[in-house]
J.: 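The following block contains the structure, expressed as structure tokens.
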Amino acid sequence: MYRYLRLPILLVGLFLAVSAYAANNSQPALTTEDGLGPQVQQPIEFPHNRHAGLHDASDPNKGGMEINCQYCHTYARRSAVAGIPPLQKCMGCHNSIDSVKDRPRIKELFKYWEAKKPIPWKKVHDLPDFVRFNHERHVKRFVEQQNRPVQEACGYCHGDVKEMTVARRQKPLAMGWCASCHEKDHPVTAEGGTPVDGQAYWYSFQKPVKTSDSALAPKAKGPNDCWQCHK
Amino acid sequence: MKDIREDIAWAKINQDVLKSLEAPRKLYWVILFFALLAFGFGLGCEVYQYQTGMGVANLNNPQVWGLYIATFIFWIGMSHSGTLLSAILHLMHADWRKPIYRFAEAMTTFSLMTAGLFVMVHIGRLWMFYYALPYPNDRGIWPNFQSPLLWDAMAIFTYLSSSVLFLFVGMIPDLAIVRDNMHAGWRKKLYTLLALGWEGTDRQWRNFRVTYLTIACFLIPLAVSVHSIVASDFAMSQQPGWHVTSFPPYFVAGALYSGCAAIITLFIMLRYVFKFEEYMTLPILKKIVRLTFAIAMIWTYLNAVEFASVWYSHDAVSKDVLIQKMTGNYAPFWWGMIFCGSVVPLVFAFKRFQTNIPVLFATSLLLNLGMWLERWMIVAPTFSHGYYPWTWDHDQWPSMVQWGMVFGSFGWFTLLFLIFCKVFPSVSMYEVKEMVYHRTLHLKKSEAAEEGAH
Amino acid sequence: MSVSNLLENWAQVRHEHPINDKPHDPYKWAMAIDLDACTGCNACSVACYAENNLPVVGREKFQHGQQMHWMRVERYWDEDGREFPDQGFQFLPMMMCQQCEAAPCETVCPVAATNHTADGLNSQIYNRCIGSRYCSANCPFKVRYFNWYDYPTTDNVWPAEMTQQLNPDVSVRGKGVMEKCTFCVQRLSAAKVVAKGEGRIVREGEVQTACQQACPTGAISFGNLVNPESRVHKQWEAQQVVLDKDKQEKDEKEERAVLRGYRILEELRAYPSVMYLERVRESAV
Amino acid sequence: MIDSGIDRRDFLKVLGWSGAAVALSGCGNTSIEDGKETVVSYVEANDYMVPGIGVYFNSTCAQCDAGCSINGRIREGRVLKLEGNPDSAINKGKLCGLGQAGVQHHYNPDRVREPLLRKGNKGEAISWDKAYALIAEKMAGVQGDEIALLSGGVSGHLKVLLGNYLDSLNTKNHFVYEAVAPGVVRAANQKAYGVEMPRYRLDKAKVILSFGADFLGAWVSPVHFSQQYAQFRKGVDGQRGVLVQVESKMTLTGANADRWLAVKPGTEGVLALGIINALGTAAGEVADLVKEYSLVRVSRETGVSVSQIEKVTALLKMRSPSLVLAGSAAEGYAHGSQNAAAINLLNQVLGNVGKTIEAPVSVPFPQMVPSKGNTAALKKFNDGLSAGKYKVVFSFGANPVFTAPGAFKFKDNFAKAGFKVAFAHYLDETALQADLVLPLDSALEDWGTQVPEYLTEGAQINIQQPLMEKLHANTRGVGDIVLALLKQKKSEEYKSYEDYYAYLRSALLQNKGALGGGGADDDTFWTDTLSRGIVKLAGSAVGLTGHQNVAGLKLPAVAEENEHYPLYLIPGVTASLRDGRHTNQPWLQESPDPLTTIVWDSWVEIHPKKATELGIVEGDIVEVTSRTGSVKAQVYIFPGIHPEAVSIPVGRGHDAMGRYAKGYGVNPFQIMDAVFEVETGELAMHETRVKIHKTGQRVLVVKDEGAAGALQMGRKIASRVSTDQIDLSKEV
């Protein structure tokens with residue numbers, strides 16, 4: 001009888017092993033071949049590397065201009081939504097950069113401006129509609145409070161944009177991925193009152209830590225209820 | 001009268017049973033056709049509901065479960081008697097069970113499978129049902145282990161897998177017989193595979209007996225717990241009419257009851273369709289009928305206990321629900337349940353009806369109807385008459401989609417059952433042989449004793 | 001993640017309702033609703049439709065009891081054989097999710113799509129919901145509403161033009177999920193983000209629910225029950241209604257209390273977060 | 001709020017807003033989508049325009065005439081929600097359901113989008129130039145008095161402009177029509193107090209005795225009154241106000257009363273005089289007038305018990321000041337003026353004038369004061385139409401084909417007019433009869449000013465401004481249309497105004513000083529004004545007289561029983577649907593009627609006693625027949641109505657207008673008889689007598705209420721307590 005059971009036992013065992021492995025290594029892989037994230041066709045092929053990339057001392061025409069992310073993406077620090085810079089922002093500089101005015105992409109840009117038509121940029125980092133993600137909080141924490149370099153802070157979720165032309169989504173941006181960060185590397189200080197001492201709610205990414213002066217600010221790591229991120 | 005003729009030849013047993021795999025009466029195909037028709041209709045309803053939304057079932061805000069859950073409990077309940085016959089009576093050495101336990105066990109399996117369908121059908125987002133499974137995932141979230149619904153799912157799954165195992169294990173020696181008597185072809189291959197190399201050696205028999213007994217022992221508490229847990233779906237909630245301590249035994253009694261009634265129905269059908277008159281004899285039927293009668297009285301008693309405990313409690317809201325059941329919109333169904341469940345079985349008390357096949361057939365169908373009504377009367381009135389009067393329902397009649405799926409489920413069950421009976425021996429050959437052998441021994445012994453006395 | 005997470009979370013699942021061992025801090029959102037001020041005008045209900053993307057189901061579905069209003073304005077009159085209801089009606093402004101502290105819906109959900117937040121809210125995660133409707137079955141107030149149809153794609157629910165009215169801060173629910181009043185959680189979290197940015201907690205009056213904002217007679221007060229400055233706190237205190245009791249002390253006294261605060265179906269021990277104030281009628285006429 | 005100096009009109013033009021930005025996916029989509037959606041992107045943006053953050057702009061609600069100021073929430077260029085503007089003295093940050101549904105008026109899928117010219121039974125889309133040219137063509141050679149304009153109430157600069165246009169046409173035929181308006185009460189107030197609408201101070205009164213004034217529902221300025229009501233309930237020095245409502249059909253206000261008195265229809269005046277008599281404080285003329293109204297007689301005629309009248313009288317005596325209101329139920333009879341006069345007299349006797357009835361303020365710009373709509377105007381217009389007097393007819397802001405009483409045969413008469421132009425939002429019943437339909441901007445796209453009829457603290461001019469870009473390219477503001485038409489006549493005078501916006505701006509800037517912007521430069525003043533949405537003016541108090549001449553006050557004998565038509569038909573005016581101009585807004589259709597909880601349909605309210613007598617149960621379809629016609633509707637058994645009356649709500653029963661209005665319910669206007677109030681000539685809305693009989697059909701009434709009806713079944717759900725059992729003094 002045993003020989004008939006060998007195969008099922010093997011299969012069940014294999015399934016368990018694989019799923020346990022998958023669960024512990026919780027990064028859903030990006031599906032593109034080059035691993036740089038899916039490509040999105042944009043109305044203008046915007047060169048992030050040229051704007052934000054590192055300055056190349058030897059050949060100023062090649063390297064980037066090291067523009068701070070927040071120079072253009074100003075909304076990220078002011079709102080939950082990062083949005084896209086208004087056309088006016090592009091024109092603020094490009095109006096006075098005569099040297100590139102004859103480039104095809106810049107011509108395209110001017111066309112939009114003259115027609116007073118907004119550029120129909122496509123979303124690259126498009127979270128599902130039921131997710132409540134707040135850019136402002138993240139920028140405040142990493143850039144303003146912890147003084148980390150902007151490119152590093154943005155890069156946690158957006159990848160190494162300064163190396164890209166058109167932005168590509170390099171991170172999975174899935175729930176498990178968000179949780180992996182919040183649980184391990186970047187615990188969030190909850191404002192007082194988050195449950196401590198074995199008194200947590202259904203879902204918390206990590207067991208809350210009890211501090212000695214718990215009356216003031218008990219610390220919990222990560223968002224501790226689903227409504228923090230789900231709307 | 002005897003349960004079975006002692007002089008029946010073993011070869012004839014083989015022959016009779018194997019014949020059922022080949023040539024049933026024409027009625028078989030007629031029933032099969034209607035079963036397919038009903039199942040097809042139910043399937044159509046489900047497809048429509050899946051695409052349009054649960055609203056087409058005419059469920060609404062207070063009345064969120066409707067017939068789906070009622071029928072779910074009905075099917076879960078029906079499964080219990082198979083276990084009663086095959087496992088409990090096995091342990092009790094009641095050998096009259098032997099010719100009939102196989103189909104009863106099959107009934108258990110298939111009614112569980114039917115019940116499982118209703119869990120699926122009733123879920124609003126069927127395509128997301130896997131959220132209810134505790135599988136490891138990168139989000140680190142698990143189902144809510146506090147929910148009786150989750151216990152339910154687990155209990156049913158365990159019960160179903162154990163029942164399948166029990167059915168299969170019990171069938172191995174018979175499958176070997178079929179294998180040995182089959183002409184070459186796909187069926188032979190199938191039986192060869194399923195018989196797991198059974199050769200009937202002593203060692204195999206010994207292991208077989210132990211395995212079978214172990215599973216039987218395992219199955220009995222499982223069967224009781226499954227329906228207790230189904231009862232917990234209701235008893236653990238806070239709703240008037242559900243929040244009753246006596247629900248688990250009440251449910252188990254109801255389950256056995258409906259299962260026995262179904263066994264009578266199927267007994268009569270199989271006996272006719274597969275010409276099993278020799279094995280499914282009237283004396284055996286009589287025993288089942290008596291068993292059913294006893295269970296019916298227990299059920300009636302538990303019913304009375306439930307009503308009394310509500311009536312004499314100070315819970316006005318639960319009392320309201322009970323009064324509503326007796327006098328409100330649901331009164332015809334509720335009284336129908338009392339009639340079918342408590343009055344109709346009194347027929348069984350009369351000896352001359354205990355073997356009267358047309359009467360028993362009709363009665364058993366009525367009992368089944370009564371038990372189905374019971375489940376509906378547990379689920380629906382509480383919804384339409386809950387704590388909050390503003391939401392009391394005035395439009396609770398189930399739509400065609402719901403009815404379609406209820407009928408469809410009967411079609412599905414019948415379909416599975418008929419296919420099983422046609423493909424597998426629905427009477428346990430080796431155990432009937434045992435039974436005949438034991439009876440012969442017994443007979444010989446008593447004859448010898450008689451002779452000795454002379 | 002993994003099994004250790006399973007075990008830890010398992011142990012933490014809703015021990016008891018939070019107030020038993022530690023009161024909420026710094027937030028516990030609660031309401032007090034004055035039946036005497038309510039005129040039954042329905043402004044709150046319309047505000048809720050506008051704020052929370054509630055679908056208008058239409059006549060047919062309403063007839064089948066499949067309406068989606070998160071709050072009901074109920075009206076009652078005495079049927080004591082009088083010819084006319086000459087003392088007027090009692091309007092129950094807003095029967096909506098009572099955000100129970102020991103919510104019957106939370107324990108029964110098979111997938112934990114509804115659970116308690118640290119702020120004392122009863123959250124509903126649409127994307128996790130599989131639609132078993134057990135929560136609704138176990139809700140004594142029947143204030144949970146199920147998406148019986150796929151309203152976003154149903155004709156005339158949101159024709160193309162009307163989709164532009166939808167509030168982007170609130171999910172539009174598809175078919176097969178349960179939904180209910182959230183105490184306008186989108187407004188709460190926006191207020192909390194602002195407060196957090198300034199290193200403080202949300203102040204009284206800084207955040208209003210949509211219904212409260214619309215109510216012409218100010219019958220609804222909403223706020224942080226923990227904050228002693230809040231109107232809600234003061235009202236609960238003045239009415240001697242305590243959150244974690246299934247029978248208030250004032251009601252246990254022999255003579256009738258001269259206070260009018262009460263909670264609906266309090267005896268079920270769900271500990272609702274909404275206190276109602278009885279309607280008053282003049283005895284001199 | 002706007003705080004920068006940008007010109008609102010410009011910003012709206014450059015706003016890069018695309019309608020496709022809203023995703024409906026909700027729950028279905030659980031995965032990340034790459035490059036499927038377009039980001040909301042702007043060409044130019046101001047500091048306050050941050051994606052994801054709502055911006056609020058002030059404007060004025062146009063759903064009814066109360067003049068509440070609104071505060072619209074705008075996200076990514078779309079208006080999402082309307083809330084009350086806290087700075088407005090009228091609504092103080094609150095807004096009723098009707099007002100909030102304004103966004104559904106704006107986004108309504110059934111709005112007219114192109115100018116339509118009648119071609120047989122169909123409308124053909126034409127250009128605006130062609131439409132204007134057509135009007136000019138039709139107008140050529142037509143005499144002034146052959147042109148007529150029917151409109152709803154108008155005020156502000158639109159009224160001025162409209163007046164100028166009518167002058168240029170040399171016509172005086174401007175008929176201002178409101179289907180539901182307190183026309184008789186205005187006249188009676190004029191007599192009693194010297195003003196049409198005094199300021200009622202509900203908040204100062206200790207007792208309110210209201211004769212059918214539904215001030216919490218649909219009467220005059222409900223949001224304002226509701227706020228006063230809340231104050232009144234809290235009480236002056238801790239004493240909770242007492243509300244007694246006298247009416248034959250319970251209104252929302254009646255449902256909130258401490259005592260609701262079901263009075264025999266039409267005898268409100270009798271009761272008022274009876275109370276004056278019972279008070280015993282009147283002297284002279286008044287005493288002579290009321291002396292025959294003994295308690296017994298009054299009780300017999302009105303059906304209110306003697307003890308009840310005594311209790312009310314005692315209460316009025318004991319608690320002062322009180323306030324007595326005459327509402328639509330009292331004025332709706334042929335002797336409505338007499339009723340209202342008797343009720344106003346009660347105020348005078350109680351000495352409330354000057355205390356709870358205060359003098360209103362006058363608006364410094366009399367030309368902007370609203371022209372108040374009434375029903376007498378419709379009668380005149382209808383008479384003119386039926387005589388075939390008019391060759392060109394304009395109509396806007398009213399839907400007379402729907403709201404004219406059936407006895408007027410308005411639709412037939414309207415057809416006699418030569419060329420009919422309707423300015424319309426929807427293809428409603430009137431627009432369908434027109435020859436040319438000009439599509440209007442919604443109130444959230446249009447510019448305008450408005451002066452409310454009922455002013456609260458001081459005078460104010462409300463500013464109406466666009467909250468977002470136009471939804472449809474080819475709609476026009478009503479001001480723009482009138483200006484364009486005016487340019488046809490007086491091109492020289494108006495050519496400097498590019499559009500109505502320019503006209504408004506210059507008109508307001510001209511009076512900057514008077515509008516309180518003395519020192520500021522034009523742009524600052526303008527931006528400030530727009531950001532506030534209200535211009536508050538001092539205004540001067542109008543004199544109030546407290547003495548009414550009672551010489552003409554004589555109530556007719558109580559009406560005889562009518563053998564053929566034994567029941568009164570009371571048209572119910574609900575807070576959400578009013579006269580039915582907003583029925584196509586689904587929130588209002590689905591918002592349950594507060595009293596019956598019925599949605600999406602009309603009903604016939606019948607008292608349980610009457611129903612038993614007639615063998616009718618809830619859901620029976622009955623035919624309600626008057627001399628004019630009949631309608632069939634479902635019955636709702638309702639105790640809050642006099643047994644001699646039945647009530648059908650108005651506002652439903654459209655056979656045009658749009659998908660949410662058409663085919664739902666019945667229109668009681670259809671069966672209304674043409675009976676007029678004797679003094680004012682207003683339509684007596686409550687004078688229609690009907691009979692009912694069962695048709696034998698029965699339906700399930702679509703309502704929110706469950707099978708238990710209005711009962712709580714012993715649960716403590718909506719509990720009630722009487723004042724002697726509680727202590728309100730310790731409350732917060």
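Proteins get letters first, then strands, A, B, ... in listed order; numbering begins at 1 in each.
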J.: Less than 4.5 Å apart, any side-chain heavy atom of D:R233 and any of C:D34?
T.: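 With C-beta onward as the side chain, the pair stays apart.
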J.: Just by distance, with hydrogens left out, do C:Q235 and D:E731 show a side-chain donor and acceptor under 3.5 Å apart?
T.: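 Their side chains do not contain a donor-acceptor pair, so the 3.5 Å distance test is not met.
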J.: Determine whether more than 12 heavy atoms belonging to other residues, nucleotides or ligands lie under 6.0 Å from atom CD of C:E83.
T.: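 More than 12 within 6.0 Å, yes.
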J.: Between C:R75, C:R72, C:Q67, which is the residue that forms a side chain to side chain donor-acceptor pair (under 3.5 Å) with D:D704?
T.: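 Testing each of C:R75, C:R72, C:Q67 against D:D704, the sole residue satisfying side chain to side chain donor-acceptor pair (under 3.5 Å) is C:Q67.
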J.: Which region of C:V170, side chain (C-beta onward) or backbone (N, CA, C, O), has a non-hydrogen atom less than 4.5 Å from a non-hydrogen atom of chain D, or is it both or neither?
T.: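 Neither part, no heavy atoms under 4.5 Å.
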J.: Do side-chain atoms of D:D258 reach the backbone of C:E282 as a donor and acceptor pair under 3.5 angstrom?
T.: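 Yes: the side chain of D:D258 pairs with the backbone of C:E282.
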J.: Which atoms of C:T39 come close to chain D, meaning under 4.5 Å heavy atom to heavy atom: side chain ones, backbone ones, both, or neither?
T.: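 Contact with chain D is through both the backbone and side chain of C:T39.
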J.: For C:Y262, which atoms come within 4.5 Å of any heavy atom of chain D: side chain, backbone, both, or neither?
T.: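 For C:Y262, side-chain heavy atoms alone lie under 4.5 Å from chain D.
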J.: Just give me the residue among C:A284, C:P85, C:C129 that pairs up with chain D most often, heavy atom to heavy atom, under 4.5 Å.
T.: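 Looking at each of C:A284, C:P85, C:C129 in turn, C:P85 comes out on top.
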J.: With a 4.5 angstrom heavy-atom cut-off, could you sort out which part of C:A37 is near chain D: side chain, backbone, both or neither?
T.: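 Backbone only.
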J.: Cut-off 3.5 Å, side chains only: do C:S283 and D:T723 have a donor facing an acceptor?
T.: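 The criterion, which ignores hydrogens and geometry beyond distance, is satisfied for D:T723 and C:S283.
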J.: In the structure I gave you, are the side-chain heavy atoms of C:Q87 and D:R720 within less than 4.5 Å of one another anywhere?
T.: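 Of all side-chain heavy-atom pairs linking D:R720 with C:Q87, at least one is under 4.5 Å.
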J.: What part of D:Y664 lies closer than 4.5 angstrom to a heavy atom of chain C: side chain, backbone, both or neither?
T.: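 Side chain only.
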J.: Is D:L95 in contact with chain C via its backbone, its side chain, both, or neither, using a 4.5 Å heavy-atom distance?
T.: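 Contact with chain C: backbone only.
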J.: Give me the atom names and distance for the closest heavy-atom approach of D:Q100 to C:A214.
T.: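 So the two residues come closest at NE2-CB, 3.4 Å.
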J.: Calculate, to the nearest 0.5 Å, the distance between atoms CZ and OG1 belonging to D:R78 and C:T163 respectively.
T.: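 D:R78 atom CZ to C:T163 atom OG1 measures 8.0 Å (nearest 0.5 Å).
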J.: Chain D: which of C:R231, C:E237, C:E60, C:R263 shares the most heavy-atom pairs with it under 4.5 Å?
T.: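 Of C:R231, C:E237, C:E60, C:R263, C:R231 has the most heavy-atom pairs under 4.5 Å with chain D.
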J.: Measuring only between side-chain heavy atoms, which start at C-beta, is C:W77 closer than 4.5 Å to D:F638?
T.: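 Sidechains of D:F638 and C:W77: in contact.
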J.: Could you check D:E83 against C:R187 for salt bridge (Lys or Arg N to Asp or Glu O under 4.0 Å), going step by step and ending with a plain yes or no?
T.: CA-CA 14 Å; D:E83 276 145 18; C:R187 293 182 175 211; 3.0 Å; yes
J.: Taking side chain as everything from C-beta outward and backbone as N, CA, C, O, which of these in D:A575 sits under 4.5 Å from a heavy atom of chain C? Side chain, backbone, both or neither.
T.: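 Contact with chain C is absent: no heavy atom of D:A575 under 4.5 Å.
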J.: Please rank D:Q725, D:E310, D:R259, D:R73 by heavy-atom pairs under 4.5 Å with chain C and give me the top one.
T.: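 Ranked by contacts with chain C, first place is D:R259.
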J.: So what's closer than 4.5 Å to chain C heavy atoms on D:V721: side chain, backbone, both or neither?
T.: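 When you check distances to chain C, atoms from both the backbone and side chain of D:V721 fall under 4.5 Å.
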J.: Could you tell me whether the side chain of D:Y660 and the main chain of C:N156 form a donor-acceptor pair under 3.5 Å?
T.: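 Yes, because the side chain of D:Y660 sits within donor-acceptor range (under 3.5 Å) of the backbone of C:N156.
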J.: Heavy-atom pairs under 4.5 Å with chain D: which of C:A32, C:P159, C:C44, C:A210 has the most?
T.: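 Heavy-atom pairs under 4.5 Å are most numerous for C:P159.
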J.: For D:Y229 and C:D36, which heavy atoms make the closest approach, and how far apart are they?
T.: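 Minimum heavy-atom separation between D:Y229 and C:D36: OH-O, 4.0 Å.
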J.: Roughly how far, to the nearest 0.5 Å, is CG of C:D86 from CD of D:Q245?
T.: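 Nearest 0.5 Å value for the CD-CG distance: 13.0 Å.
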J.: Start with the C-alpha gap between C:C41 and D:L216, add the side-chain angles, then the distance that decides, and say whether side chain to side chain contact (heavy atoms under 4.5 Å, CB included) holds.
T.: CA-CA 8 Å; C:C41 72; D:L216 296 176; over 6 Å; no
J.: Can you tell me which portion of C:N147 sits under 4.5 Å from chain D's heavy atoms? Options are side chain, backbone, both or neither.
T.: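 Looking at C:N147, nothing touches chain D.
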J.: Quick check for you: among D:V103, D:L252, D:L315, which has the greatest number of heavy-atom pairs under 4.5 Å with chain C?
T.: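 Between D:V103, D:L252, D:L315, the count favours D:L252.
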J.: Got a second to check how far D:K81's NZ is from C:N167's CG, nearest 0.5 Å?
T.: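 Going from the NZ atom of D:K81 to the CG atom of C:N167 covers 9.0 Å.
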J.: Can you name the closest pair of heavy atoms from C:Y76 and D:L711 and give their distance?
T.: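 Reported closest heavy-atom pair: CE2-O, 3.7 Å.
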J.: The test is side chain to side chain contact (heavy atoms under 4.5 Å, CB included); show your working for D:R240 and C:V280 and say whether it passes.
T.: CA-CA 9 Å; D:R240 181 178 172 278; C:V280 184; 3.6 Å; yes
J.: Search all heavy atoms of D:S226 against all heavy atoms of C:P216 and return the closest pair with its distance.
T.: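 That would be CB-CB, 3.6 Å.
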J.: Any idea which of C:A47, C:S221, C:A219 has the most non-hydrogen atom pairs under 4.5 angstrom with chain D?
T.: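 Ranked by contacts with chain D, first place is C:A47.
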J.: Counting only non-hydrogen atoms closer than 4.5 Å, does D:V223 touch chain C with its backbone (N, CA, C, O), its side chain (CB onward), both, or neither?
T.: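 When you check distances to chain C, atoms from both the backbone and side chain of D:V223 fall under 4.5 Å.
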J.: At a 4.5 Å cut-off on heavy atoms, which part of C:E179 comes close to chain D: side chain, backbone, both, or neither?
T.: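 It is neither, since no heavy atom gets under 4.5 Å.
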J.: How about D:P586 and C:M162: do any of their side-chain heavy atoms sit closer than 4.5 Å?
T.: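 Side-chain contact under 4.5 Å: yes.
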J.: Check the pair C:D155, D:R659 against salt bridge (Lys or Arg N to Asp or Glu O under 4.0 Å), reporting the backbone distance first and the verdict last.
T.: CA-CA 11 Å; C:D155 283 350; D:R659 63 193 76 182; over 6 Å; no
J.: So for D:H224, is it side chain, backbone, both, or neither that comes closer than 4.5 Å to the heavy atoms of chain C?
T.: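 For D:H224, no heavy atom lies under 4.5 Å from chain C.
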J.: Please state whether the side chain, the backbone, both or neither of D:L595 comes within less than 4.5 Å of a heavy atom of chain C.
T.: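 When you check distances to chain C, atoms from both the backbone and side chain of D:L595 fall under 4.5 Å.
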J.: Let me know if C:E51 has heavy atoms under 4.5 Å from chain D in its side chain, its backbone, both or neither.
T.: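 Answer is both: backbone and side chain atoms of C:E51 are under 4.5 Å from chain D.
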J.: Decide side chain to side chain contact (heavy atoms under 4.5 Å, CB included) for C:L166 and D:Y107; before the verdict, give the C-alpha distance in whole Å, the side-chain angles of both, and the deciding distance to 0.1 Å.
T.: CA-CA 11 Å; C:L166 293 173; D:Y107 289 121; over 6 Å; no
J.: Do the non-hydrogen side-chain atoms of C:V56 and D:W600 ever get within less than 4.5 Å of each other?
T.: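 Yes, at least one pair of side-chain atoms sits under 4.5 Å.
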J.: Can you tell me which of C:G40, C:A238, C:P93 forms the most heavy-atom pairs within a distance under 4.5 Å of chain D?
T.: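 Most heavy-atom pairs within the cutoff with chain D belong to C:G40.
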J.: Describe, in one word, how the ring planes of C:F84 and D:W260 are oriented to each other, choosing from parallel (under 30°), tilted (30 to 60°) and perpendicular (over 60°).
T.: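 Ring orientation of C:F84 relative to D:W260: perpendicular.
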J.: Measure from the side-chain N and O atoms of D:E590 to the backbone N and O of C:V57, and report whether any donor-acceptor pair falls under 3.5 Å.
T.: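 Between the backbone of C:V57 and the side chain of D:E590 there is a qualifying donor-acceptor contact (under 3.5 Å).
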J.: Who among D:A230, D:S722, D:A255, D:G709 has the most heavy-atom pairs with chain C under 4.5 Å?
T.: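 Most heavy-atom pairs under 4.5 Å with chain C: D:A255.
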J.: Using non-hydrogen atoms and a 4.5 Å limit, figure out which bit of C:E74 sits close to chain D: side chain, backbone, both or neither.
T.: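 Side chain only.
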J.: Quick check for you: among C:R260, C:E266, C:R281, which has the greatest number of heavy-atom pairs under 4.5 Å with chain D?
T.: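 The answer is C:R281.
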J.: Please find the pair of heavy atoms, one from C:Q165 and one from D:L80, that lie closest to each other, and give the distance.
T.: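 Scanning both residues, the minimum pair turns out to be NE2-O, 2.8 Å.
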J.: What distance do C:L259 atom CG and D:D727 atom CG have between them, rounded to the nearest 0.5 Å?
T.: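 Nearest 0.5 Å value for the CG-CG distance: 7.5 Å.
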J.: Nearest 0.5 Å, please: how far is CG in D:D601 from CD in C:Q63?
T.: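 Answer rounded to 0.5 Å: 9.0 Å.
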J.: Which is it for D:K716 and C:E267 under the side chain to side chain contact (heavy atoms under 4.5 Å, CB included) test, yes or no, and what are the steps along the way?
T.: CA-CA 11 Å; D:K716 187 178 179 181; C:E267 65 277 12; over 6 Å; no
J.: Quick one: what part of C:C215 sits under 4.5 Å from any heavy atom of chain D, side chain, backbone, both or neither?
T.: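 For C:C215, the contact with chain D is made by the backbone alone.
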J.: Which atoms form the tightest heavy-atom contact between D:P592 and C:N42, and what is the distance?
T.: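 Between these two residues, the closest heavy atoms are O-ND2, 2.6 Å.
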